[in-house]
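Numbers here simply count residues along the sequence, with the first being 1.
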Amino acid sequence: MKGLGELERTVMEVLWAREDAGHGAATARDVSRALAGDRDLAHTTVMTVLDRLAKKGFLERERDGRAWRYRPVASREGYVTELMLGALNETGDRDAALVHFVRSVSEDEIDVIRQALAGLTSKEPPA
């Protein structure tokens, strides 16, 4: 999965925040309103960014009268995971990259990694 540009990421953050809050899909008007306090963007610019994100596969869209409603295809965490896996695929030595990554994280993050690994290894393989 490719990275997002600055404006695309800003728009995705609005949509991910709506998902996190339990709100449904958003119209371009909803996104424009959410961005109004932070950025001075024309409504047509927001519409264009949403359309591009849908064409790139980051958003699903459905018709709602004359408007489109947009929702993220993947969660923020899913997107970041894809970026991390893509970066790992770019290295010539995945093991070295993983070791370097683990050495660079905090103790709390190491605990999270340990718990995740323990959860994976404690599951019995299917018979």
Q: Would you call M84 and F101 a side-chain contact if the rule is heavy atoms closer than 4.5 Å?
A: yes

Q: With no hydrogens and no angle check, do the side chains of T27 and D30 hold a donor and an acceptor under 3.5 Å apart?
A: yes

Q: Taking CZ in R63 as the centre, count heavy atoms belonging to other residues, nucleotides or ligands within less than 6.0 Å. Is the count above 12?
A: yes

Q: Using only atom types and a distance under 3.5 Å, with no angle test, would you say the side chain of E8 pairs donor to acceptor with the backbone of G5?
A: yes

Q: Salt bridge between R76 and E13, side-chain N to carboxylate O under 4.0 Å?
A: yes

Q: Under the criterion side chain to side chain contact (heavy atoms under 4.5 Å, CB included), I'd like the reasoning laid out for V11 against L4: C-alpha separation, chi angles, the key distance, then a yes or no.
A: CA-CA 10 Å; V11 168; L4 296 168; over 6 Å; no

Q: Using the rule that Ile, Leu, Val, Met, Phe, Trp and Tyr join whenever any side-chain heavy atoms are under 4.5 Å apart, tell me whether L59 and L83 fall into a single cluster.
A: yes

Q: E19 and R71: salt bridge (charged side-chain N to carboxylate O under 4.0 Å, His left out), yes or no, with the steps?
A: CA-CA 8 Å; E19 291 277 313; R71 86 175 55 247; 3.4 Å; yes

Q: Between the side chains of E109 and S106, does any donor sit under 3.5 Å from an acceptor?
A: yes

Q: Where does the angle between the aromatic ring planes of W16 and Y79 fall among parallel (under 30°), tilted (30 to 60°) and perpendicular (over 60°)?
A: tilted

Q: For the pair T10 (side chain) and E6 (backbone), establish whether a donor and an acceptor sit closer than 3.5 Å, ignoring hydrogens and angles.
A: yes

Q: Any chain of hydrophobic side-chain contacts (each under 4.5 Å) joining M47 to L35?
A: no

Q: Any side-chain heavy-atom pair from V112 and V105 closer than 4.5 angstrom?
A: no

Q: Would you say NE2 of H43 has more than 12 non-hydrogen atoms from neighbouring residues, nucleotides or ligands within 6.0 angstrom?
A: yes

Q: Do the side chains of L50 and Y70 get nearer than 4.5 Å, heavy atoms only?
A: yes

Q: Could you tell me whether the side chain of T91 and the main chain of L88 form a donor-acceptor pair under 3.5 Å?
A: no

Q: Could you check if a side-chain atom of D51 sits within less than 4.5 angstrom of a side-chain atom of R61, using non-hydrogen atoms only?
A: yes

Q: Side-chain contact test, heavy atoms from C-beta onward, threshold under 4.5 Å: evaluate it for V31 versus V49 and give yes or no.
A: no

Q: Above 12 or not: heavy atoms from other molecules or residues under 6.0 Å from CG of N89?
A: yes

Q: So, R114 side chain and L117 main chain: donor-acceptor pair closer than 3.5 Å or not?
A: no

Q: Keeping the roles fixed (side chain from D64, backbone from A67), state whether a donor-acceptor pair exists under 3.5 Å.
A: no

Q: Which atom names give the shortest non-hydrogen contact between G57 and V73, and what distance separates them?
A: O-CG2, 3.4 Å

Q: Under the side chain to side chain contact (heavy atoms under 4.5 Å, CB included) rule, what do R29 and V46 come out as? Steps first, then yes or no, please.
A: CA-CA 8 Å; R29 181 88 42 219; V46 173; over 6 Å; no

Q: Evaluate side chain to side chain contact (heavy atoms under 4.5 Å, CB included) for M12 paired with L53, printing each intermediate quantity in order.
A: CA-CA 9 Å; M12 289 300 297; L53 287 167; 3.9 Å; yes

